Amino acid sequence: MSAHDLLPSRPELSALASAQLAPPFLFGAATAAYQIEGAATEGGRGPSIWDRFSHEPGRTVNGDTGDVACDHYHRWRDDVALMSRLGLQAYRFSIAWSRVQPAGRGAWNDEGIAFYDRLVDALLERGIQPHATLYHWDLPQALQDAGGWARRDTAFHFADYAGKVGRVLGDRLASLCTHNEPWCTAVLGHEVGKFAPGLQAPALAAQVSHHLLLSHGLAVERLRADGVRAPLGIVLNQSPVSAASASAEDRAAAATEYARFVRWYMDPVFKGQYPEDPGIVHRPRVEPGDLATISAPIDLLGLNYYTRIWVSRSEPVQPRPDALGVTDMGWEIYPEGLRDQLLALHREYPNLPPVFITENGMAEADQLHEGQVDDPRRVAYLHAHLEAVAQARAAGVDVRGYFYWSLMDNYEWDSGYAKRFGIVHVDYTTQVRTPKASALWYRDTIARLQERQAGRG
Ligand code: IFM
């Protein structure tokens, strides 16, 4: 018998969580364009930096690309029907800039815009709230060829693109976020080089981070000026950072990591300044007025949480897993970190807007067996993280919703199709979707919370 056999297959939410997560608290699932759409050369879509990067030898596991992915571009109707059968109340997706505007500036692509237009209407018809993100890492390659996010004018092109999306979809979206995880674009894309565009230039990465934040501010400014009604926000990936020992060196290193990972994005947006930390080496060139633009009020913060970070000056720190272990990505499962991070934001940012957990989930080596996928660890993961959200709410944090990452197995960037995050299994040969046990648990949990609420009404 393994430790996993001891996990309850259908855990129930505690009384506290049942009370805290009752409607109008929102339950949904999330995806991103390049990870699911496929149809990379169809419908007038222009190439993005991920098309270029994933086709370069050695960049991704097995050389996997998003050319086909989950073929959602053709199967979106069935996917919306599936969401409805799972009882999802909200769906978070991203818009591929190069579908809407193939070169990232200049001509718009009506066919690409129509795809998202139909998707939004189909969601609304099923009573599923559409939550869109404008940028989930797929810069039009033509803009990269001109310098990409290292160039200041890319931020202005982004604002034009945001304005177009706002004009077309802004009256029907339940929220519109500018960026997904700008830390990944800046650091993984321009410093570490493991994501597109695959550069290893730390000073440039700092400048890129500033242009991403500037583009957020400019987009919000444009959307507000155009009278877009959808609530506006940004999605940031965050983790609490723990020092591996009580030594002064480790504590300083942990503070620097937190400043680089969390405060570098939170402080400009919510305090109008970049953090000062002696460990931060590269600082961007900031023009007068930029920080005022970046810190204009927004309506929501999207928080993506996966694990906590351990920092040590001496040796690399291994995860210290508790009973739930580590995920197939090797990430420690630490639900308390979600509660702690929410509490930290509540404490540190007096003007924090309502928060949505826009991503939280785990990769597991799921197996399809006789038409079913049993994923008890994902059920336990979901259950524990929902309890953590409920605890944060009970302590006063205004969390309004939770989106599991991801609706379905999909293209996990440099890991290709080797890592499965979905509550729905995807057979990449046949494109057959099979809800896993976790999807059924999620469906039943959402339904129970709704029934409980109706019973009170
Ligand atoms: O798959 C990604 C997603 O695109 C962004 N946040 C983290 C997920 C899991 O790695």
Side-chain angles (χ1 to χ4, degrees), residues 28-38 48-51 53-54 59-61 64-66 69-70 72 91-97 131-139 177-189 192 194-198 212 233-239 261-262 265 301-309 319 326-335 337-338 341 355-366 375 377-378 381-382 385 402-426 428 438:
T31 64
Y34 190 70
Q35 294 180 269
I36 65 163
E37 285 181 5
S48 81
I49 54 174
W50 266 95
D51 295 294
F53 183 80
S54 66
R59 292 294 200 181
T60 70
V61 170
D64 287 345
T65 74
C70 305
H72 171 75
Y91 174 53
R92 172 175 179 247
F93 61 98
S94 81
I95 296 171
W97 185 348
H131 293 255
T133 300
L134 287 164
Y135 188 82
H136 200 119
W137 309 349
D138 43 0
L139 188 73
C177 283
T178 53
H179 283 277
N180 180 74
E181 304 181 351
W183 177 88
C184 293
T185 303
V187 175
L188 299 183
V192 178
K194 111 192 189 93
F195 280 6
L212 291 166
I234 187 168
V235 174
L236 303 178
N237 48 325
Q238 300 190 0
S239 295
F261 190 54
V262 174
Y265 301 89
L301 170 69
L303 175 64
N304 292 357
Y305 173 78
Y306 287 91
T307 190
R308 70 172 147 177
I309 296 173
V326 296
T327 74
D328 200 29
M329 300 293 281
W331 298 345
E332 177 189 4
I333 301 178
Y334 187 63
L338 176 53
Q341 190 58 25
V355 180
F356 287 79
I357 308 304
T358 32
E359 289 183 25
N360 173 238
M362 70 176 284
E364 185 75 312
D366 300 309
D375 56 345
R377 289 210 318 147
R378 188 175 285 106
Y381 180 104
L382 254 165
H385 285 82
Y402 175 94
F403 293 82
Y404 179 78
W405 181 271
S406 174
L407 171 67
M408 56 186 148
D409 296 337
N410 58 46
Y411 180 71
E412 179 55 22
W413 308 110
D414 59 321
S415 301
Y417 296 99
K419 303 294 177 196
R420 294 181 176 271
F421 274 89
I423 47 174
V424 172
H425 178 275
V426 176
Y428 293 112
S438 55

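Predicted, not measured: the structure shown is a model, and the values here were computed from it. Numbering of ligands and ligand atoms starts at 1, following listing order.
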Between the side chains of Asn360 and Tyr381, is a donor N or O closer than 3.5 angstrom to an acceptor N or O?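 Yes, Tyr381 and Asn360 have a side-chain donor paired with an acceptor closer than 3.5 Å.
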Of all the non-hydrogen atoms in the protein, which one sits nearest to [atom], and at what distance?
atom	answer
atom 5 (C) of ligand 1	Glu359 OE1, 3.2 Å
atom 8 (C) of ligand 1	Tyr306 OH, 3.4 Å
atom 10 (O) of ligand 1	Glu412 OE2, 2.5 Å

Considering only heavy atoms, does Tyr411 approach ligand 1 within less than 4.0 Å through its side chain, its backbone, both, or neither?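 It is neither part, as no heavy atom is under 4.0 Å.
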Residue part near ligand 1, for Gln35, under 4.0 Å between non-hydrogen atoms: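 The side chain, only.
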Is ligand 1 less than 4.0 angstrom away from at least one heavy atom of Tyr34?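 Distance cut 4.0 Å: Tyr34 fails for ligand 1.
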Below 4.0 Å from any atom of ligand 1, is there a heavy atom belonging to His136?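 True for this residue.
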Do any N/O atoms on [X] end up under 3.5 angstrom from N/O atoms on ligand 1?
X	value
Trp413	yes
Asn180	no
Trp331	no

Counting each atom of ligand 1 from 1 as listed, which ones have a heavy atom of Phe421 under 4.0 Å away?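 Matching atoms, with element in brackets: 9 (C), 10 (O).
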With atoms numbered from 1 as shown, which atoms in ligand 1 lie under 4.0 angstrom from a non-hydrogen atom of Glu181?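 That gives atoms 5 (C), 6 (N), 7 (C) of ligand 1.
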Which atom pair, heavy atoms only, marks the closest approach of Tyr411 to Asp64?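 So the minimum-distance heavy-atom pair works out to OH-O, 2.9 Å.
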Would you sort out whether Ser94 and Tyr34 count as a side chain to side chain donor-acceptor pair (under 3.5 Å), showing the intermediate values? CA-CA 9 Å; Ser94 81; Tyr34 190 70; over 6 Å; no
Asp366 with Arg378: basic N within carboxylate O range, under 4.0 Å: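 The answer is yes: the pair qualifies as a salt bridge.
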Pairing of Glu364 and Arg377 as salt bridge, 4.0 angstrom limit: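 Counted as a salt bridge, because a side-chain N and a carboxylate O are separated by less than 4.0 Å.
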Does the plane of the ring in Tyr306 sit parallel, tilted or perpendicular to the ring in Phe421? Use 30° and 60° as the thresholds.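 Rings of Tyr306 and Phe421: perpendicular, over 60°.
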Would you call the rings of Trp137 and Trp413 parallel, tilted or perpendicular if under 30° counts as parallel and over 60° as perpendicular?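 Rings of Trp137 and Trp413: tilted, as their planes differ by 30° to 60°.
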Would Arg92 pass as a cation-pi partner of Phe403, given that its NZ or CZ must be under 6.0 Å from the six-membered ring centre and within 45 degrees of the axis?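 No.
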